[in-house]
Amino acid sequence: MTAFKSDFLNILQERGFIHQCSDFDGLDALAAKGQATAYVGYDCTAPSLHIGNYLTMMMLYWLQQSGNKPITLMGGGTTMVGDPSGKDESRAIRSIAEIEANKASIRGVFSKVLRYGNGDSDAIMLDNAEWLTKLNWIEMLRDIGRHFSVNRMLTMDSVRLRLEREQEMSFIEFNYMVCQAYDFVELARRTGCRLQMGGSDQWGNIVNGVDLGRRMGTEQLFALTTPLLTTASGAKMGKTAQGAVWLNADQFSPYDFWQYWRNVEDADVVKFLKLFTILPMSEIAKLAALQGGEINEAKKVLATEATALLHGRDAANTSAETARQTFEEGAVAESLPTVEIPRGELDAGIGVLAGFVKAGLVASNGEARRQIKGGGLRVNDAAVTDEKMVLNAGHLTPEGVIKLSMGKKKHVLLRPA
């Protein structure tokens with residue numbers, strides 16, 4: 001392990017954030033003086049960011065904690081182009097209205113993790129639409145485009161892999177790396193930003209920005225990436241049976257977020273404690289020493305601390321208590337995820353297959369049938385054995401809900417409205 005001068009790089013190394021860096025010595029010297037202004041870009045392709053974005057937000061968190069300045073860059077301009085990285089086909093072109101709506105929905109999550117303001121190490125938020133949408137096409141070609149080698153652009157993974165598979169890449173996507181590189185130069189000129197951070201799949205795009213800065217006369221710029229998020233079994237992290245692990249509470253509830261971390265593989269607990277909580281390394285070392293069934297206690301700590309950072313301590317504690325009541329006491333906890341159904345619909349009767357689909361526990365009637373055959377579905381903690389079962393008002397518990405469960409860990413309440 002390298003001993004750095006700066007707290008920033010020492011913390012990132014110790015906690016497992018570092019994958020590649022363009023110049024460790026130069027960046028280390030800058031960060032040690034508290035002069036490392038750094039940014040991460042976030043395109044507005046959905047109404048919420050996801051768990052992969054949470055990793056780069058944590059990099060910005062530790063940057064700020066070590067006395068340096070973070071920038072969150074909203075991709076109002078780059079979202080109009082579409083990042084081809086890791087994609088087998090072109091992203092859908094989004095309307096300006098959709099991009100603006102997504103941007104508004106995303107903005108609030110950053111202040112959960114970062115401190116914004118006017119101080120030297122306070123975070124600032126910018127939007128690349130401010131400069132990208134004002135570029136004149138001919139001037140852009142002359143002043144920026146002339147610094148890019150098409151030969152080199154064709155070797156970038158985002159382009160090369162698409163071409164090797166004989167999958168079409170549009171001209172607009174081909175220009176994404178030009179836009180991202182220019183963002184770095186513009187931020188360097190406007191704010192003194194010297195570092196861009198991102199996931200390992202962004203390395204080529206970030207290094208392009210470092211090179212463009214050199215050619216366009218900025219101070220030396222730096223690139224730093226974090227490893228691709230995978231589980232111990234090799235799966236890409238951040239997916240559930242219901243889809244992505246979103247950061248906005250209205251798209252993925254604090255309870256579901258808590259449960260996601262509670263259910264990670266045993267071999268991942270220590271890694272995720274380092275990456276997704278702010279617990280001191282001494283406490284993580286104690287949790288790492290737990291063996292056998294005690295690992296579940298470490299998972300509960302991971303779930304509560306990761307949820308507290310994003311959704312607040314109260315939401316984390318409520319989620320933990322809901323899980324305890326549900327799993328340890330078998331109670332119907334009022335704070336379980338709830339789906340409302342019209343009272344008339346329940347009075348008429350709802351097929352059990354449709355009920356589980358409505359609850360979001362299965363994606364289709366066919367999946368519900370397969371779960372029933374395997375003994376995986378329960379109504380009010382009783383196993384479902386008949387796929388023609390009908391849910392009605394007679395199934396309401398004293399609390400006025402119907403508890404639907406898939407397996408031991410996924411529960412939803414149906415509540416008549």
Side-chain angles (χ1 to χ4, degrees), residues 1-42 49-73 109-110 112-115 120-124 184 187 192-207 209-210 220-232 237-238 247 261 268-285 287-288 302 305-306 309-310:
M1 221 183 228
T2 306
F4 294 108
K5 298 186 183 74
S6 65
D7 288 343
F8 173 57
L9 286 181
N10 280 323
I11 291 168
L12 289 200
Q13 178 176 245
E14 187 177 36
R15 299 184 85 99
F17 281 95
I18 297 176
H19 181 62
Q20 285 176 289
C21 180
S22 59
D23 176 0
F24 275 120
D25 290 341
L27 178 58
D28 191 29
L30 196 67
K33 293 184 287 189
Q35 295 175 1
T37 297
Y39 90 96
V40 177
Y42 299 93
L49 298 178
H50 53 74
I51 212 167
N53 304 125
Y54 195 33
L55 187 66
T56 56
M57 286 167 61
M58 292 305 299
M59 295 175 83
L60 291 172
Y61 171 85
W62 290 116
L63 178 88
Q64 185 169 58
Q65 294 304 306
S66 59
N68 295 281
K69 190 175 187 70
I71 299 173
T72 46
L73 181 67
V109 74
F110 296 107
K112 307 280 184 69
V113 177
L114 300 172
R115 181 187 70 255
D120 289 344
S121 63
D122 285 344
I124 59 173
F184 203 173
L187 286 172
C193 178
R194 303 276 301 278
L195 170 64
Q196 183 182 171
M197 301 189 293
S200 58
D201 62 332
Q202 292 295 312
W203 175 253
N205 287 345
I206 297 174
V207 170
V210 172
Q220 183 186 355
L221 305 181
F222 301 95
L224 180 65
T225 60
T226 192
L228 183 68
L229 265 184
T230 56
T231 64
M237 192 189 163
L247 303 187
W261 297 109
D268 285 325
V269 177
V270 175
K271 178 172 84 169
F272 293 160
L273 280 165
K274 292 177 182 178
L275 293 174
F276 293 103
T277 79
I278 56 176
L279 284 176
M281 291 298 292
S282 57
E283 287 189 43
I284 293 174
L287 293 167
L302 166 64
E305 294 303 315
L309 189 61
L310 185 67

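Note: hydrogens, waters and symmetry copies are ignored here, and every other heavy atom, side chains too, is used. All residue numbers in this chain count up from 1 along the given sequence.
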Is the number of heavy atoms from other residues, nucleotides or ligands within 6.0 Å of NZ (Lys112) greater than 12?
-> yes
Counting only N and O atoms by type, is there a donor-acceptor contact under 3.5 Å from the side chain of Lys69 to the main-chain atoms of Ala38?
-> no
Taking the side chain as every heavy atom from C-beta outward, state whether Met59 and Thr225 have any pair of such atoms under 4.5 Å apart.
-> no
Closest non-hydrogen atoms of Pro70 and Asn68, given as atom of the first, atom of the second and distance, are CD-O, 3.6 Å
Are any non-hydrogen side-chain atoms of Met58 and Leu275 less than 4.5 angstrom apart?
-> no
On the 0 to 90° scale, with breaks at 30° and 60°, tag the Tyr39-Phe184 ring pair as parallel, tilted or perpendicular.
-> perpendicular
Output all residues satisfying salt bridge (charged side-chain N to carboxylate O under 4.0 Å, His left out) with Asp120, sequence neighbours left out; order by chain, then residue number.
-> none
How many angstroms lie between OG1 in Thr226 and CG in Asp201, if you round to the nearest 0.5 Å?
-> 10.5 Å
Leu309 and Thr277, any side-chain heavy atoms less than 4.5 Å apart | no
Considering non-hydrogen atoms only, spot the tightest contact between Val207 and Ala223 and give its length.
-> CG2-CB, 4.4 Å
Distance-minimising heavy-atom pair for Phe17 and Pro227 = O-CD, 3.3 Å
Is there side-chain contact between Leu63 and Leu12, with at least one heavy-atom pair below 4.5 Å?
-> no
Which is it for Leu279 and Leu273 under the side-chain contact (heavy atoms from CB on, under 4.5 Å) test, yes or no, and what are the steps along the way?
-> CA-CA 7 Å; Leu279 284 176; Leu273 280 165; 4.0 Å; yes
Parallel, tilted or perpendicular: which fits the ring planes of Trp261 and Phe276, with parallel below 30° and perpendicular above 60°?
-> tilted
Side chains of Thr37 and Ile71: does their closest heavy-atom pair fall under 4.5 Å?
-> yes
Mind checking the CG-CZ spacing from Leu195 to Phe222? Nearest 0.5 Å is all I need.
-> 8.5 Å
Is there side-chain contact between Leu224 and Phe8, with at least one heavy-atom pair below 4.5 Å?
-> yes
Could you state the interatomic distance from CG (Asn205) to CD (Gln196), rounded to the nearest 0.5 Å?
-> 8.0 Å
Output, in order, the C-alpha distance, side-chain angles, deciding distance and verdict of side-chain contact (heavy atoms from CB on, under 4.5 Å) for Val270 and Leu287.
-> CA-CA 8 Å; Val270 175; Leu287 293 167; over 6 Å; no
Find the distance between CZ (Arg194) and CG (Leu187) and round it off to the nearest 0.5 Å.
-> 13.5 Å
Show your reasoning for whether side-chain contact (heavy atoms from CB on, under 4.5 Å) applies to Val109 and Tyr54.
-> CA-CA 10 Å; Val109 74; Tyr54 195 33; over 6 Å; no
Inter-residue atom distance Leu30.CG - Ser6.OG, 0.5 Å rounding | 9.5 Å
Would you check, one step at a time, whether the test side-chain contact (heavy atoms from CB on, under 4.5 Å) holds for Asp7 with Gln65?
-> CA-CA 9 Å; Asp7 288 343; Gln65 294 304 306; over 6 Å; no
Atom of Met281, atom of Lys274 and distance for their closest heavy-atom approach = CE-CE, 3.7 Å
Residues Thr230 and Phe272: closest non-hydrogen pair is O-CZ, 4.4 Å
Distance in Å, Lys33 NZ paired with Lys5 NZ, rounded so as to fall on 0.5 Å steps | 10.5 Å
Donor-acceptor pair, side chain of Tyr61 and main chain of Ile278, under 3.5 angstrom = no
Are the side chains of Met57 and Leu247 in touch, meaning some heavy atoms are under 4.5 Å apart?
-> yes
Does the side chain of Trp203 come within less than 4.5 Å of His19's, by heavy atoms?
-> no
Any idea which heavy atoms bring Leu49 and Phe110 closest together, and the distance?
-> CD1-CZ, 3.5 Å
Backbone N or O of Arg115 within a donor-acceptor pair of the Gln64 side chain at under 3.5 Å?
-> yes
